[in-house]
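Notes follow the structure.
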Amino acid sequence: MILNYFLLCLFTTTANAVPLNEILNVHILNTVKVRTARLDYVNSRMAYENYRKGFLPSVRFGISPLSFNRSLRLLQNPLSGDYSYVNDYSNTSSADVTVTQRIGVLGGTLTASSGLGYLREFSYNRNSFSTSPLFIGYSQPLRGGRREYVYTRNIERMRFVLARKRYAVAFAEERQTLASLYMSLFVAQTLYSNAVKNVEICDTLLALTKLKLENGQITRYDYTQIEMQRLDAAIELERQRHTLEDARLDLCAELGVDSITVEDVHLAEMPAKMSLGEVKRIVGKNNPQILQQAFQMEQARLERYKARMDTRFGGSVSLTYGLNQYAETFAKAYRSPDRRQAVAVTFSIPVFQWGINANKRRIADNGYEQTKIAVEHGGVQFWQSVSKLVAEYNMAMASYNNVLRHSEVAAEQYDMAMERYALGQISTFELTTAYRQRLQAEQGCATARQSACNAYYSLCRVALYDFVRQCDMEDVLDI
């Protein structure tokens with residue numbers, strides 16, 4: 001009955017098994033983490049587009065069709081100084097068009113507009129029109145605008161590239177998580193199948209031992225040893241059944257499915273050994289850690305520059321030119337408009353601040369140095385971690401080949417031990433020892449395969465590179 005159950009489970013697993021590559025390339029796109037990361041990336045991309053489009057001309061049309069007022073207002077006579085209440089019974093309407101252009105290289109803003117205002121006084125049955133056919137204005141900081149623009153432009157561009165790479169990082173991390181859960185389920189499934197086989201073997205061995213006991217070939221002590229081995233196998237079977245269900249639930253929860261089975265994972269496609277120099281080259285090109293450090297340094301430079309500009313000589317320049325007119329009819333309001341010009345230059349010169357501005361500059365300089373030190377130290381630690389991951393992968397692949405051969409030898413030895421035990425050439429203790437060595441070898445083989453697979457996907461996460469397909473994670477995501 002146990003054998004039939006095992007064959008049924010094996011057939012079901014083989015028929016409905018989902019390969020690892022399908023999970024890592026298809027089902028992963030429906031996981032919560034990848035979908036959330038995708039939305040974050042889309043938001044960052046639109047924010048960067050908004051920043052770039054902010055330097056294109058923008059047109060705004062404003063209209064206020066109705067502003068009705070009927071009330072008593074307290075006014076003062078400018079000649080006599082007397083106060084009196086005046087009945088305000090009027091409606092005001094206005095419309096304007098404004099075109100704005102940011103001049104990023106200079107850090108200034110150019111504005112051109114045209115407006116029309118209409119006043120209807122019901123008390124006197126009178127109309128009034130005020131027009132501004134043309135108004136042009138330009139303003140910019142007296143100094144520092146261009147440099148701040150360069151810093152900000154670099155920061156925004158790096159922020160967008162970082163967002164794209166963070167999306168790739170989230171995808172690679174989810175691949176690592178799914179691969180780890182998949183291998184855990186595969187190991188649990190393998191160990192459960194082995195546990196079923198071991199129970200069947202122990203049943204056969206126990207029947208043979210009982211026959212020897214009845215024939216007086218062995219003692220009662222030898223028989224109880226085999227019986228204990230059979231009980232241990234049954235206990236191990238229940239434990240592996242529980243482990244299998246837990247591993248299956250973990251993978252189903254991550255994928256958002258009800259049930260799943262896995263198939264055998266072959267490591268032949270994975271590189272037998274990784275070159276540290278080649279991995280470092282790929283990591284330096286793809287990993288966001290390098291760009292993140294440059295981004296932090298650029299932000300620190302901008303903060304230091306702003307602190308220096310805010311605490312030293314500064315100012316602004318403003319130029320305006322326009323036409324305006326006022327009349328009782330619409331046509332007259334656009335005839336012979338008056339000109340208006342304005343030029344304003346302001347200066348801000350700190351004279352005496354009790355050393356406050358000097359302290360602000362020193363604080364900004366110290367913050368820049370702190371960022372620089374942290375970036376340098378983080379870079380050293382990062383490359384050390386990359387070297388460790390490469391070493392762990394190479395060791396895991398080498399260990400797996402040795403452990404695989406060890407498992408094959410242990411299984412062969414156990415088969416020979418059973419034959420010799422049936423012929424009475426070895427004792428029960430020697431058979432039990434061979435049995436335990438076989439179990440340990442099988443578990444070690446499954447664990448070694450899991451370790452090699454986890455090490456591979458950890459390296460893929462750091463490099464943002466698929467070493468089997470030989471392509472970047474960004475190319476896989478097509479971003």
### Query
Quick one: CG on L191 to CG on L237, what's the gap to the nearest 0.5 Å?
11.5 Å

### Query
For the atom pair CG (L208) and CE (M418), what is the distance rounded to the nearest 0.5 Å?
7.5 Å

## Note on the structure
When every non-hydrogen atom of V468 is compared with those of M270, the smallest separation belongs to CG2-CA, 4.3 Å

### Query
Can you find a side-chain donor-acceptor pair between Q381 and H377 that sits under 3.5 Å?
yes

### Message
Taking L181's backbone N and O only, do any of them form a donor-acceptor pair with E254's side chain (distance below 3.5 Å, no angle check)?
### Response
no

### Query
Any Lys/Arg nitrogen of K212 or D222 sitting under 4.0 Å from an Asp/Glu carboxylate oxygen of the other?
no

#### Entry: K360 (side chain) donor-acceptor with T311 (main chain) under 3.5 angstrom
no

### Query
Between the side chain of S407 and the main-chain N/O of L404, is any donor-acceptor distance below 3.5 Å?
no

### Task
Could you walk me through whether Y138 and Q140 pass the side chain to side chain donor-acceptor pair (under 3.5 Å) test, one step at a time?
CA-CA 7 Å; Y138 178 76; Q140 74 166 64; 2.4 Å; yes

### Query
Between CG of L244 and OG of S184, what distance do you get to the nearest 0.5 Å?
11.5 Å

### Message
Tell me whether T31 contacts the main-chain N or O of H27 through its side chain, where contact means a donor paired with an acceptor under 3.5 Å.
### Response
no

### Message
Quick one: does any side-chain atom of Y182 pair with a main-chain N or O of E263 as donor and acceptor, under 3.5 Å?
### Response
yes

#### Entry: Close side-chain approach of D472 and K285, heavy atoms under 4.5 Å
yes

### Query
Is there a side-chain contact between L178 and L255, using heavy atoms and a 4.5 Å cut-off?
yes

### Query
Going by atom types only, do Q225 and R220 share a side-chain donor-acceptor pair under 3.5 Å?
no

#### Entry: For R143 against M309, the heavy-atom pair lying closest together
O-CE, 3.3 Å

### Task
Would you check if there is a donor-acceptor pair between the side chains of Q176 and S458 at a distance under 3.5 Å?
yes

### Query
Between Y368 and A300, which heavy-atom pair has the shortest distance, and what is it?
CD1-CB, 3.7 Å

### Query
Does Y305 use its side chain to pair, donor to acceptor, with the backbone of G144 at less than 3.5 Å?
yes

#### Entry: Verdict with supporting geometry, R166 and Y41, side chain to side chain contact (heavy atoms under 4.5 Å, CB included)
CA-CA 8 Å; R166 288 194 183 103; Y41 164 70; over 6 Å; no

### Query
Should Q289 and V462 be marked as a side chain to side chain contact (heavy atoms under 4.5 Å, CB included) after you check the CA-CA gap, both sets of side-chain angles, and the distance that decides it?
CA-CA 9 Å; Q289 178 74 16; V462 173; over 6 Å; no

### Query
How about P271 and Y456: do any of their side-chain heavy atoms sit closer than 4.5 Å?
yes

### Task
State whether a side-chain donor-acceptor pair under 3.5 Å links N402 with H406.
no

### Task
Sorted by first residue and then second, give each ring-ring contact (aromatic ring centres under 6.0 Å, His included) pair with at least one member in residues 457-479; sequence neighbours left out.
Y465-F467

## Note on the structure
Those residues at least two apart in sequence (or on a different chain) that pass side-chain hydrogen bond (donor to acceptor under 3.5 Å, both in side chains) with R304 are none

### Query
Any side-chain donor paired with an acceptor under 3.5 Å for T109 and R102?
no

### Query
Is a side-chain donor or acceptor of N286 paired with a backbone partner of A463 at a separation under 3.5 angstrom?
yes

### Message
Looking only at side-chain N and O atoms, does N25 offer a donor or acceptor that is under 3.5 Å from a partner on R469?
### Response
yes

### Query
If you measure from the Lys or Arg side-chain nitrogens to the Asp or Glu carboxylate oxygens, is any gap between D466 and R175 under 4.0 Å?
yes

### Task
State which residues pass salt bridge (charged side-chain N to carboxylate O under 4.0 Å, His left out) with D232; sequence neighbours excluded, sorted by chain then number.
none

### Query
Between the side chains of Y151 and R301, is a donor N or O closer than 3.5 angstrom to an acceptor N or O?
no

### Task
Specify the closest pair of heavy atoms between A396 and A452, including all atoms of both residues, with the distance to one decimal.
CB-CA, 3.7 Å

#### Entry: Spacing of E173 atom CD and L464 atom CG [to the nearest 0.5 Å]
9.0 Å

### Query
Can a salt bridge be assigned to the pair D415 and R420 using a cut-off of 4.0 Å between side-chain N and carboxylate O?
no

### Query
Should we say atom CZ of R153 is surrounded by more than 12 heavy atoms from elsewhere, each under 6.0 Å from it?
yes

### Message
Run the salt bridge (charged side-chain N to carboxylate O under 4.0 Å, His left out) test on E200 and K197 for me, step by step, so that the C-alpha distance in whole Å, both residues' side-chain angles and the decisive distance to 0.1 Å come before the verdict.
### Response
CA-CA 5 Å; E200 295 174 356; K197 292 179 182 179; over 6 Å; no

### Query
Between the side chain of D475 and the main-chain N/O of C471, is any donor-acceptor distance below 3.5 Å?
no

### Task
Give the intermediate values and the outcome of side chain to side chain contact (heavy atoms under 4.5 Å, CB included) for residues R361 and R312.
CA-CA 10 Å; R361 290 191 293 270; R312 289 177 177 171; 3.6 Å; yes

### Task
Indicate yes or no: at least one non-hydrogen side-chain atom of T152 is less than 4.5 angstrom from one of R147.
no

### Message
With a 3.5 Å distance limit and no angle check, can you tell me whether Q101 reaches the backbone of F55 through a side-chain donor-acceptor pair?
### Response
yes

### Query
Can E278 and R281 be counted as an ion pair, charged N to O under 4.0 angstrom?
yes

### Query
What pair of heavy atoms forms the shortest contact from A364 to E303, and how long is it?
CB-O, 4.4 Å

### Task
Please report the C-alpha distance between E408 and R405 in whole Å, then the side-chain angles of each, then the deciding distance to 0.1 Å, and finally whether the salt bridge (charged side-chain N to carboxylate O under 4.0 Å, His left out) criterion is met.
CA-CA 5 Å; E408 295 172 353; R405 179 54 185 164; 3.3 Å; yes

### Message
Would R438 and Q413 count as a side chain to side chain contact (heavy atoms under 4.5 Å, CB included) here? Give the steps.
### Response
CA-CA 8 Å; R438 179 194 172 189; Q413 284 185 338; over 6 Å; no

#### Entry: Beyond-backbone contact of Y149 with I103, side-chain heavy atoms, under 4.5 angstrom
no

### Task
Without swapping roles, check the side chain of S180 against the backbone of T177 for a donor-acceptor pair under 3.5 Å.
no

### Task
Any chance you could measure L162, atom CG, to L291, atom CG, to the nearest 0.5 Å?
4.0 Å

### Task
Taking all heavy atoms of Q240 and all of A195, pick out the closest pair and write down the distance.
CG-CB, 4.2 Å

### Spatial distance of atom CD (E174) from atom CG (L29) [nearest 0.5 Å]
10.5 Å

### Task
Give the intermediate values and the outcome of side chain to side chain donor-acceptor pair (under 3.5 Å) for residues R241 and Y192.
CA-CA 6 Å; R241 191 199 309 275; Y192 176 73; 3.1 Å; yes

### Task
Go through the steps to decide whether R230 and E227 satisfy the test salt bridge (charged side-chain N to carboxylate O under 4.0 Å, His left out), and finish with yes or no.
CA-CA 5 Å; R230 167 62 177 80; E227 187 177 7; over 6 Å; no

### Task
For atom CD of E412, decide whether the heavy atoms of other residues, nucleotides or ligands shown that lie under 6.0 angstrom number more than 12.
no

### Side-chain heavy-atom pair L142, S316 within 4.5 angstrom cut-off
no

### Query
Should Q229 and L206 count as side-chain neighbours, where that means a heavy-atom distance under 4.5 Å?
no

